[in-house]
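In this chain, residues are counted from 1 in sequence order.
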Amino acid sequence: MRKERRTKMKTRISRIGSYAIASSLRDHPHQPCISCTTFNILAPIYKRLSHKDQNCRESDYRAYWLARNQRILDSLLHERSSIICLQEFWVGNEELVNMYEKRLGDAGYLNFKLGRTNNRGDGLLTAVHKDYFRVINYRELLFNDCGDRVAQLLHVELATPASQYRNNDTCQEILIVNTHLLFPHDSSLCIVRLQQVYKILQYVESYQKENNLNPLPILLCGDWNGSKLGHVYKFLRSQGFVSSYDTAHQYTDADAHKWVSHLNHRGNVCGVDFIWLLNPNRYRKLLKTSWSEAVFGMFKSQLRKASLTEEDAFAFLKADNGGDYITYSGFCEALRQV
């Protein structure tokens, strides 16, 4: 049985010199502070109540899912984060949706929900507090892939003009993304998750170009279904993103074992829920270049796992071709095998 899952991280978008960073709330008290919560709340349609009967789900017992989600809302409203990003939000149940929208709305939040494609039943909910932000625009991104995954994009600005703060060069606008990537049921799906992240970055990039925006701070929130050791983490790092949790705790890549964000449906403890922050002044490689490096890096890693030398790898890719070249069909067949 999969348990409730939660990751919370308080951050502030502040500017020190020419860098926007995530910093602790006690530093630079004269700059605007925002907090952010990302939380996979486990949709009742997926929550199993019995190991013996896998079809016994919480969604069949109103008293169970209602009480659990009321406790979740109690916790969210107690924390009162400026930004709330929820995953596995049960969009298919009108009573639950109305409960969240009313309680969050009464507390001053603007709510945006998005269901997964093909009526999967769950989706995303992003809420921003009116005391902190004014919503400039809201967009929805449908991946239209095998996992029916989606993402939300909010373009917001600070509700209080930065000129009221002592340090008035604070960036007043930010892009917020909420998503839930595909679960890697096997290693072959890692490339799908990587492509989902690539689509998000492409979409954010095109949105800024279409609206003639200067580079803005970007906050990526959600359940990424991949740890610090995975390709998605490395790809986002290559794009200049930093994990706010790592920054706050001064963790390095060697500290992947030091934190856990949830227990998945297989009973494994893992750290896969992230709040990523991109400094708009941070150097980034060209997206296409980074994508190619990431894909071929994964392929190279798989070949190394198979203990293939360079010559063996070439022979493997060449398949039955007699020449000293690799055909497209041979390469595709090799991809399927690794």
Exercise for review: Look at atom CD of E210 and say whether more than 12 heavy atoms of other residues, nucleotides or ligands are closer to it than 6.0 Å.
Suggested key: yes
Practice item. Walk me through it: do I174 and L219 pass the test side-chain contact (heavy atoms from CB on, under 4.5 Å)? Key: CA-CA 7 Å; I174 184 172; L219 203 63; 4.1 Å; yes
Check your understanding: Quick one: does T38's side chain have a donor or acceptor within less than 3.5 Å of a partner on I275's backbone?
Key -> no
**Study point:** Flag side-chain contact, heavy atom, 4.5 Å: L201 against V204
**Key:** no
Point to revise | Those residues that, when tested against D74, pass salt bridge (charged side-chain N to carboxylate O under 4.0 Å, His left out) (two or more places apart) | key: R103
Point to revise | Taking every non-hydrogen atom, the tightest pair across P44 and W90 | key: CG-CE3, 3.4 Å
**Study point:** Lys/Arg-Asp/Glu bridge criterion (N-O < 4.0 Å) met for R48, E58
**Key:** no
Review point. Where does the angle between the aromatic ring planes of Y100 and F89 fall among parallel (under 30°), tilted (30 to 60°) and perpendicular (over 60°)?
Key: perpendicular
Exercise for review: First locate atom OG of S35, then atom NE2 of H129, and finally report the distance between them rounded to the nearest 0.5 Å.
Suggested key: 10.0 Å
Point to revise | Side-chain donor/acceptor of E95 to backbone N/O of N93, under 3.5 Å | key: no
**Study point:** Side chain R149, main chain C146, donor-acceptor under 3.5 Å
**Key:** no
Exercise for review: Carefully, step by step, assess W224 and D273 under the rule side-chain contact (heavy atoms from CB on, under 4.5 Å).
Suggested key: CA-CA 6 Å; W224 301 85; D273 302 272; 5.8 Å; no
Exercise for review: State whether the side chain of R193 and the backbone N or O of L181 hold a donor-acceptor pair below 3.5 Å, judged by distance alone.
Suggested key: no
**Study point:** Short side-chain to backbone donor-acceptor contact, N211 and L213, under 3.5 Å
**Key:** no
Review point. Aromatic ring centroids of Y245 and W276 under 6.0 Å?
Key: no
Point to revise | Between F274 and F241, ring centroids under 6.0 Å | key: no
Practice item. Using modelled atom types only, decide if a donor and an acceptor are shared between the side chain of S82 and the backbone of Y132 within a distance under 3.5 Å. Key: no
Review point. Is L86 close to T126 at the side-chain level, that is, under 4.5 Å between some pair of heavy atoms?
Key: no
Review point. In terms of hydrophobic clustering (I, L, V, M, F, W, Y; side-chain heavy atoms under 4.5 Å; direct or indirect links), are I136 and I218 co-clustered?
Key: no
Review point. Would you say the side-chain atoms of Q196 pair up with the backbone N or O of L182, donor to acceptor, closer than 3.5 Å?
Key: yes
Point to revise | Among H155, Q202, R139, side chain to side chain donor-acceptor pair (under 3.5 Å) partner for Y207 | key: H155
**Study point:** Backbone of Y203 reached by a side-chain donor or acceptor of S206 within 3.5 Å
**Key:** yes
Check your understanding: Quick one: does L96's side chain get under 4.5 Å of W65's, heavy atoms only?
Key -> yes
**Study point:** Flag for Y64-R68: side-chain donor and acceptor within less than 3.5 Å
**Key:** no
Check your understanding: Do NZ/NE/NH1/NH2 and the carboxylate oxygens of R120 and D148 come within less than 4.0 Å?
Key -> yes
**Study point:** Backbone of Q152 reached by a side-chain donor or acceptor of T179 within 3.5 Å
**Key:** no
Check your understanding: Between D122 and K113, is there a salt bridge with N-O shorter than 4.0 Å?
Key -> no
Review point. Rounded to the nearest 0.5 Å, what separation is found between the CG atom of N69 and the CE atom of M99?
Key: 5.0 Å
Review point. With distance as the sole test, does E140 use its side chain to make a donor-acceptor pair with the main-chain N or O of L114 at under 3.5 Å?
Key: no
Point to revise | Qualifying residues under salt bridge (charged side-chain N to carboxylate O under 4.0 Å, His left out), relative to D145, sequence neighbours excluded | key: none
